[in-house]
Every structure is written in structure tokens, then in C-alpha cells.
Student: 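This is the structure I have questions about; it appears just below.
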Protein chains: 2
Amino acid sequence: MATLDQVGHESESQWEGRALSRTSKKQGGGKLLSAGPTMADLARLAGLSKITVSRALGDSPLVNPETRERIRELAQKHGYKFNISARNLRLRHSHTVAVIVEMKPSSDRTMFDPYPLGLLGGISQELTAAGYSVLLTTRQGAAVAAVQAADGLILLGQGVHQDAVHRFHKLGVPMVVWGAGLKGDSHVVVGSDNRLGGAVVAEYFFRLGRRRPVFIGNPSHPEIHERLNGFVAALGAHAIKPLLMRRDEFTPDSGTGAVHSLHARGVDFDAIFACSDLLAMGAIRGIQEVGRSVPGDVSVVGYDDMPLGASFLPALSSVHQDWQEGGILLARKVLALIRGESAASETLPVSLVVRST
Amino acid sequence: MATLDQVGHESESQWEGRALSRTSKKQGGGKLLSAGPTMADLARLAGLSKITVSRALGDSPLVNPETRERIRELAQKHGYKFNISARNLRLRHSHTVAVIVEMKPSSDRTMFDPYPLGLLGGISQELTAAGYSVLLTTRQGAAVAAVQAADGLILLGQGVHQDAVHRFHKLGVPMVVWGAGLKGDSHVVVGSDNRLGGAVVAEYFFRLGRRRPVFIGNPSHPEIHERLNGFVAALGAHAIKPLLMRRDEFTPDSGTGAVHSLHARGVDFDAIFACSDLLAMGAIRGIQEVGRSVPGDVSVVGYDDMPLGASFLPALSSVHQDWQEGGILLARKVLALIRGESAASETLPVSLVVRST
DNA sequence: TCAAGTCATGGTAACGGTATCATGTGCGTG
DNA sequence: CACGCACATGATACCGTTACCATGACTTGA
């Protein structure tokens, strides 16, 4: 929209202060504010009215192309800066979408390291391209007036709690949430297809001839619960029943521990689906420690496809999700809602990246 | 400042539309816009003037405490929303700081995974607390009008190139940059003390009795160059000269490759300082592959203290930096500059976390 | 008793854009 | 020649807030 590509172009003349050229009705005075020129100033300079300047800068077809060019140059030359607040006030919207990131204290943030950043990148890219600003906040800062003024809201964070969702919902602003969509949800949810992720791994194991698979992870996270569901359902179709090994921590240690525990209990298993790459890497170490081999004796698949996993030895197979794509989709949904269109919840496909394990 | 803590408080009555209660001079008409009440509306409701409402909501000492309370309740009850655009227009500032993140295409982004997120958290926390909004953009989006309107700028990204810095500097807005400060820099730079990081590792190696240390990394990044400088200088004080093993990639593979290369060339070494944890972990694997042990034969220290490193086996020693603290500092510096105070470049201390390697 | 000094409140004019409804020109056509 | 129409531009009135400078009531002290 009113995107003036001025970065990098040096203004050739300094704006000399306002008071002189201003049609001040009361003050003839000399207090020279060091503010830039306004549309009214450009208008006077060009011998036109400010509305024409507004139209020229806004690419309106109503102005003569030559006039537009002339005004453009003038704006350039005098270092004109468009005032967004004024436009937003007049237009009665903020052209802003608030992104609220729920940062957990820090404990299992590990799991989400690569995640919000990619998401944020996609969101920022798409929203900026549409002429919207991205207002970043944490949950604590969400009470601030600027957030309330946003035209739209994006909620980020694992297992965003329902109460938080409702709280923000009350602001009466278009809202889109990242995560696992529960069936009864009234709001729009975008997330990667965790169920599919589980199913894909199940099929993979089945094709490899694995018949005694184990799932490692913490299914109390809604997203991970879905992975488990998909995994169990797909295996069930082949009359296979996987074992659930519950682990709360998403660290390599935890994965190693899980395997040792299985081994100690004499459990017979030939495949492991870990719901995080870190867990998977730990599990592989555990498997090797108890004298078995990957992928010879046991197949292992992780989740998230961390860059690290690819250069792990043996190179880790993992379920890949495109965070950036997710961010873009989130952004598109809010924009649609803001425009008054409807938007449905959507899940993004995931893909299994098969490497050595 | 004008922070109205309204999230979560449900407004008890719906605002019934404007036209009726409005002192419209021309239109007596019925077009009922579904916009919320304004200060003027509250004023009429309270039998006061809008300026008094403004003062009450703004905690001005000029209004009677009882009046203030009354207005507060009224605002609450009618779901009043403060209009930031109007205030910003009037006050001639945006109360906004733009954060420009330079996202590399994706190649060695690995290195920076945990980094911008922590930084961003700190920035957001501090800025929000001060009543400022955080406007997030990538470099591509930085030409947008909203960025130009920001009261301040924070530039994030490894080795932010000088040209970019100058480009943004021309906007004439207070700016703070994250990274390694070069001596001749005119702008304010905040970064962690890479030189100290190198020195600390050097001392650690020396105390352990290591005399043939190797540095692995890519010193063409300014920040990493500093680490190398500190490392070399501190070792130099003990008349030790480290070997530089240049590696462009920051992956484990690259680290493993480096060690194999050293081994193949018959280089004698007893300590490795890798300028990234991933590199360090790869190096450890390489060391083990060529039949030597960590930390028995070779000591290894990484950089960044990734959560992963702590649960690596053997647990990785690493140089730790507090990203969040860095973000807070960045925020404080811009705020100071915005207030017209001066601010100096500053480096944050780092600490060596000694684990098993 | 009156000047001076609080305290609480109000009138008015900005801040810098854009929507709405004119206005004025030139041109083609019946 | 008058009419309608497209085109280019303008006058005016807001959008919702706060700064500036009153104004009136009531207190205080000489």
C-alpha cells in the first residue's frame, strides 16, 4: 500500500524546519520544530492541494501520471516521511497484527528452539508484504494498549491453554492460533498434521517389516497426543499394537534412559518413534549401549527434523515440518479474517525424511 | 504509561453505537458505526470534559481521585478502548521500536537457532514494560513505512554488514546494533564479550596443562574473529601459539572433518576450542574415531552452551552467554537514545561452563 | 476583607492524513 | 450549440487524543 521505498535513498536536501512555510493562524512565531515535511508542505511546494499529494503518493489512478511523478520526486527530495498514525487514525484501524508468544519459563524450551523462529519468519514475511506491521509480545505484555488496538491476533506456543485462548478471544479481534486443533474449537487453528506424522512413521515401520514398535514421548501435550493417535491408528490397521513409553523430558538423556528401561524390563522391540529428535538421538545411543544396532536391529525415527539430526551419526530419520510455511499460513488466515472473509482451521502436511536410521 | 489492563475483564455492557449520543454537527443521521466509545463519549456519560477523561485515564495528579475512579469504572463498563494512533499522532512519536532481523537464507542458520529467540524475548520484555511496542521485521520488510516511523531501531543478525548499518543509520533514528563492535564504529553496539570468551577458554586450557591447542571455526565472522583474538592473545601471554583450523560450516560433520584432517596431517594437539557447540560435538566424535579420548587425551570446549550440549555424552563444556540479558541491554540502550540520553557500546560478560570435556 | 494561591475542570486548537462531495476543464456527439 | 461525460483537482470535515491557556471555587494569611 503506502509503502515508500525510501531506505537507502539519501534525501538531497534537508528540510529546513516548519515554522516559515506553515500557514500558522495564530502563532507567527519562531519555534522551529525539527519535524519533517507533511503532505500539506509538499502540496504548497508543488502548488497543489494536500489531497492530490495524498492520492499521488497512494498510487491513485485519479491523478495525472506526470503530477504523480512530480510529487514523488518532491517527496524524495525533501525527505518526506509518511505518518502512519495519522492514516490509521483516519482509517480507524491499526494495520497491525499482534503476535503473542508464550514463552515457557525455560524448562523444555529445548524442544521448541527451531520452531518459533521459523514461524515468526513466515508470519513476518507475509504480513509485511500485505502492508501490515507485526507487533511482537509475550504473554505478559499482552495487556498493553497496543495489543488491544491490533487488527488481528496470532497466538503462538505449545499447547496454548484454552483459558488463554478465551481470554484473548474476548478482545473481539480476529484471532488465529498455532497448535493442535481440538474438535470443539470455535477459533481458527493452524498446525502441522501431527496425526499424519504419526501415521507416516507407522507405515514406514510396517513396510520395513517392523512389528514391535515403541512410541516415546509425553502425550499430555495435545500435539504429541495427536502423533500418538495417528501412530496407533495406522498400526492398528495392520493389527499391530505399539508400546507407549512415557517420557516427560525431551532431552537425549531421557531417550537413553527410556531405552535402558525397556531393555531392563526385557521388552522386545524393533522400532522406536520418538516425538522429538533429541529424544531419538538419545535413544539411539541407548540402543548402542545395550549392544544392539541402528538400523540393523532397531529402526528409529524422530520428530522436527532438526538440522543437527542430519549430521548425527547415524543420520537420523525424522518427520519434517515446514515452519515457515506454517507462519505464512497463519498470516494468511488472520488477513482473511480481518478482511471479513471466513477462514477454516487447517493442518499442514508433514513429510518423513528417511536417512540412515 | 497508558496501559489499560483490560485483558480478561469482560465489559459488562455493550456499547450501543455512536450516532445517537454524538454531537454531530451536520448529520443527524442513523448510520451506526460499530466502533467503541471515545473519551468524548465517556466525558458526556460522566458529565465531564474529554480532557478530564484523558487525564483520569492517564493517571494525572490533576484530577480528583474520586473522579478518576468514576471514569475508570465507566471506561471499564463500556468497553472503552484507548486509541493509540490518535495519541501517537498528537504526541508526534510512534512509541515503537523496530527490530530488524537479518535472516540468512538458511545455510548456517543452525548456529543461531537459540540466539535470536532469547534476544527477542529480552527485547520484548524490556520494551513492553517501558510502554513501547516491538515491531518485528526482516530486512526485506524494512522499507515499509511503519519501520521508518519507529522511534528507534534494533539491528539483529550475525556480522551485520556495515553497509546495512549505514543504510539504516540514514533514517536518522536512534539505532542499536547487536554484534561485535569494531573500534571505529559510530553507532552503539551491544554484544557478548567474544574476546573474553576466547581468553577464558585459553586460561582453562592452560590450567589443565594443555600446550598444543587448536581453534576451529570461521574467523571471517567479526564475532568469531574476536574469539580467536582473545584466545590467541591469552595463550600468547603464556608463550603458547595455537593452531587455526579454518572451517566455514558450523555443523557436527564439519567438526568431525576438521579433526580427521588434523589427524591425517599428523598434527599433534591436546585441546580444541570450537566456536560452536555443534562443531565441538562433531570434533569429539572425530577424536573418538581416530582412537583418542575426551577429555583424557584432548580437552574440548564449544561455544553458545546449547541445551543439547549439556546432555551430550560426554557432557560438553562450553562458553555461555545470556541472550536474554543481551536483549534487555539492547532495549535499554535504544530507550536511552530515544530519551535523548547518550549510550555507549557495551559488551556482556560470558562464562565458561565446565562439564566433562 | 481581600490578594494570592491551591485545586479541579474546561474550551479550543492542533497532530497529519483521507472520504465525501464539489468544481472546472476539454471533448465527442446528436 | 447544448448536453453529457471523463478527467484532474480542490474545499471541507472529520478520525480521537493531548498541550496550552483559561476559569471558577475554595482555602489561606495578613
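Quick note: numbers below take in every heavy atom, side chains included, and nothing from hydrogens, waters or symmetry partners. Below, read A as the first sequence line, B as the second, and so on, with proteins coming before strands; counting in each chain starts at 1.
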Student: Can you measure B:D59 atom CG to C:dA8 atom P for me and round it to whole angstrom units?
Tutor: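 Value for this atom pair: 14 Å.
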Student: Does A:T96 have any side-chain hydrogen bond (donor to acceptor under 3.5 Å, both in side chains) partners at least two apart in sequence or in another chain, and if so, which?
Tutor: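 Per chain and number, A:T96 pairs via side-chain hydrogen bond (donor to acceptor under 3.5 Å, both in side chains) with no residue.
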Student: A:E341: what forms a side-chain hydrogen bond (donor to acceptor under 3.5 Å, both in side chains) with it, not counting sequence neighbours?
Tutor: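 By the side-chain hydrogen bond (donor to acceptor under 3.5 Å, both in side chains) rule, A:E341 matches A:R339.
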Student: Between B:S85 and B:N88, do the side chains contain an N or O donor and an N or O acceptor separated by less than 3.5 Å?
Tutor: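 No, no side-chain donor-acceptor pair sits under 3.5 Å.
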Student: Any side-chain N or O of B:S54 below 4.0 angstrom from OP1/OP2 of D:dT17?
Tutor: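 Checking D:dT17 against B:S54, no side-chain N or O comes under 4.0 Å of OP1 or OP2.
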Student: Got a sec, which residues hit side-chain hydrogen bond (donor to acceptor under 3.5 Å, both in side chains) with A:S49, two or more places apart in sequence or on another chain?
Tutor: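 Checked A:S49 against side-chain hydrogen bond (donor to acceptor under 3.5 Å, both in side chains); matches are A:T52.
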Student: Between C:dT20 atom C1' and A:L91 atom CG, what is the distance in whole Å?
Tutor: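 About 14 Å, once rounded to whole Å.
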Student: Can you check nucleotides 5-11 of chain D for protein contacts, nitrogen or oxygen pairs under 3.5 Å, and list what you find?
Tutor:
residue: D:dT9; atom: OP1; partner: A:T67; partner atom: OG1; Å: 3.1
residue: D:dT9; atom: OP2; partner: A:N64; partner atom: N; Å: 3.3
residue: D:dT9; atom: OP2; partner: A:T67; partner atom: OG1; Å: 3.4
residue: D:dG10; atom: OP2; partner: A:S49; partner atom: N; Å: 2.7
residue: D:dG10; atom: OP2; partner: A:S49; partner atom: OG; Å: 3.1
residue: D:dG10; atom: OP2; partner: A:T52; partner atom: OG1; Å: 3.0
residue: D:dG10; atom: N7; partner: A:R55; partner atom: NH2; Å: 3.1
residue: D:dG10; atom: O6; partner: A:R55; partner atom: NH2; Å: 3.3

Student: Just how far, in rounded Å, is P of D:dC15 from CZ of B:F82?
Tutor: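 So the CZ-P distance, B:F82 to D:dC15, works out to 17 Å.
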Student: Rounded to the Å, how far apart are A:N88 CG and D:dT17 P?
Tutor: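 Answer to the nearest Å: 14 Å.
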Student: Within the structure, does a side-chain N or O atom of A:Y80 lie under 4.0 Å from either OP1 or OP2 of C:dG16?
Tutor: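 So the side chain of A:Y80 is outside the cut-off, no N or O lying under 4.0 Å from OP1 or OP2 of C:dG16.
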Student: Rounded to whole angstrom units, what separation is found between the CZ atom of B:R92 and the P atom of C:dA13?
Tutor: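 Roughly 18 Å, once rounded to whole Å.
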Student: Do the side chain of B:R90 and the base of D:dT17 come within less than 3.5 angstrom through a donor-acceptor pair of N or O atoms?
Tutor: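 Not at all, since no donor on one side and acceptor on the other fall under 3.5 Å apart.
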Student: Send over the distance from B:K81 NZ to D:dT17 P, rounded to a whole Å.
Tutor: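 Those two atoms, NZ and P, are 13 Å apart.
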Student: Find out whether B:V334 and B:D151 are in side-chain contact, i.e. whether some heavy atom of one side chain is under 4.5 Å from a heavy atom of the other.
Tutor: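 In short, these two side chains do not touch, never coming nearer than 4.5 Å.
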Student: What residues, two or more places apart in sequence or in another chain, satisfy side-chain contact (heavy atoms from CB on, under 4.5 Å) together with A:A43?
Tutor: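 Applying side-chain contact (heavy atoms from CB on, under 4.5 Å) to A:A43 gives A:K50, A:V53.
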Student: Tell me the interatomic distance from B:L89, atom CG, to D:dC15, atom P, rounded to whole angstroms.
Tutor: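 So the two atoms are 14 Å apart, to the nearest Å.
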Student: Quick one: which residue pairs count as a ring pair (Phe, Tyr, Trp, His ring centres under 6.0 Å) with a foot in residues 37-63 of chain A, not counting sequence neighbours?
Tutor: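 Listed by first then second residue: nothing to list.
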Student: Please give, in whole Å, the distance from C:dG17 C1' to A:L57 CG?
Tutor: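 About 11 Å, once rounded to whole Å.
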